[in-house]
Amino acid sequence: MTDRLLLGSGPSPVPRQVLGALAQPTLGHLDPVFGEVMDSCAALLRRVFGTQNPVTLPLSATGSGGMQTMVDALVRPGDVVVVGVNGLFGERMADALGRVGAEVVRVEGEWGRALPGDRVAEALPDELAAAFLVHAETSTGALNDPGGLGAAVRERGGLMLLDCVTSLGGVPVRVDDWQVDAAFSGSQKCLNCPPGLAPFTAGERALERRTGRSWYFDLDAYVDFWRPGGGGARVYHHTAPTNMIVALREALELVLDEADAEREARHRRAHLALAAALDVLGWRRLVPEAEAAWPLLSVLVPDDVDEAVLRRALLLEDSIEVSGGLGPLAGRVWRIGVMGAGARPEPQERFITVLTRHVGGDERAALDALHAGWGGA
Ligand SMILES: *Cc1c(COP(=O)(O)O)cnc(C)c1O
């Protein structure tokens with residue numbers, strides 16, 4: 001198969017060990033050996049999410065399936081739900097909530113700027129069912145710090161809901177400290193697993209409100225299969241994607257091999273080093289540094305570059321994938337992944353070298369800036 005360097009908005013580079021785990025002989029979903037994999041996978045997920053929630057498990061779906069579970073399992077028609085919207089993924093949640101008949105209160109932010117939770121908190125009505133924030137808005141690369149939103153929502157009796165798809169594994173996520181009641185993620189961003197699983201966590205307050213409206217995304221059915229508290233036989237609901245769960249466990253072990261502080265520092269360094277190198281070539285960052293999500297760097301495409309043609313050449317001639325802009329940023333920005341195994345000097349060097357071959361510019365100076373960003377290595 002073609003071996004692409006995945007430096008787009010996801011999927012991200014999958015380490016050899018994770019591919020190896022994926023290629024192990026398939027186990028049945030009720031095999032006790034697979035049960036041990038499930039238990040350890042759930043325990044590792046609790047660590048990356050920063051939670052003690054027993055109900056923490058990978059849903060059999062992509063990240064969007066995690067969002068759909070949140071909506072179907074925790075929101076009822078007529079519920080007032082406040083949604084922070086400063087990019088495609090906030091927009092998508094507002095859409096999903098509207099479809100189930102929730103009363104959506106939008107708090108708008110500019111695409112390319114952060115929308116901090118504290119700003120959303122100012123707009124909360126006295127009574128609400130829930131508030132939702134996208135932690136790292138992958139459509140722009142802005143980080144929406146939850147701040148005091150969780151506490152403000154809890155004060156009003158609502159649920160705090162968080163999209164951690166691109167943040168999980170790349171920037172610290174502290175579900176319990178931030179008073180987040182439910183959160184979802186995706187396997188293919190900073191966790192460096194192929195796409196197909198949606199890590200999900202829900203606390204007591206969220207579970208008390210579960211609806212059972214969806215058959216497939218029924219949290220009770222997931223609990224009966226995952227048995228988070230131990231005890232009782234696992235009950236078949238759907239055939240769990242066993243190879244993917246084995247691979248996710250391996251991916252989580254790799255993520256957690258690195259201490260939290262080191263992992264964050266590496267993503268930060270990788271983001272800033274790449275931004276500095278691209279700046280030398282005239283590609284300026286979209287999101288102000290203080291508002292950036294380290295796992296995704298958005299840069300403005302210079303006027304004299306046909307970005308779609310260049311992106312296609314990079315992919316088909318050089319096997320490097322980067323992502324274009326979305327919505328109002330389509331044709332204007334590139335979104336470059338700085339995710340997990342992709343947040344390292346070697347893939348970034350390859351990208352800068354290939355880019356200068358196509359667009360010109362001082363390759364040596366750009367690589368020097370990259371290396372200086374990595375600490376003079
Ligand atoms: C990728 C992404 C999603 C959607 O995940 P899929 O796996 O594509 O379904 C949702 N939210 C954010 C912030 C994302 O980056």
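Atoms within each ligand, like the ligands themselves, are counted from 1 in listed order.
Comment: R285 does not engage D279 in a salt bridge, judged by the lack of any side-chain N to carboxylate O separation of less than 4.0 angstrom. Using a 4.0 Å cut-off between charged nitrogen and carboxylate oxygen, E108 and R106 count as a salt-bridge pair. Under 4.0 Å is where a charged nitrogen must lie from a carboxylate oxygen, and between R154 and D181 at least one such pair does.
At a heavy-atom cutoff of 4.0 Å, ligand 1 is contacted by no atom of P195, backbone or side chain. Contacts of E137 with ligand 1, taken as heavy-atom pairs under 4.0 Å, are absent altogether. At a heavy-atom distance under 4.0 Å, only side-chain atoms of Q188, from C-beta outward, approach ligand 1.
Each of the following atoms of ligand 1 lies closer than 4.0 Å to a heavy atom of S64: 4 (C), 5 (O), 6 (P), 9 (O). In the vicinity of G63, heavy-atom distances shorter than 4.0 Å reach the ligand 1 atoms 5 (O), 6 (P), 7 (O), 9 (O). For ligand 1, the atoms lying closer than 4.0 Å to a non-hydrogen atom of A136 are 13 (C).
With L296, L168, T138, N144 as candidates, the residue nearest to atom 13 (C) of ligand 1 on a non-hydrogen basis is T138. By heavy-atom distance, the residue among T166, T62, L197, D163 lying nearest atom 11 (N) of ligand 1 is D163.
Residues H237 and W226 keep their aromatic ring centres 6.0 Å or farther apart. When ring centroids are compared, H271 and W294 come within the 6.0 Å threshold. Between F34 and H29, the ring centre distance reaches or exceeds 6.0 Å.
For atom 10 (C) of ligand 1, the closest non-hydrogen atom on the protein side is F89 CD2, 3.3 Å. Among all non-hydrogen protein atoms, the one lying nearest atom 1 (C) of ligand 1 is K189 NZ, 1.6 Å.
A tilted orientation is assigned to the rings of H238 and Y216, their planes being inclined by 30° to 60°.
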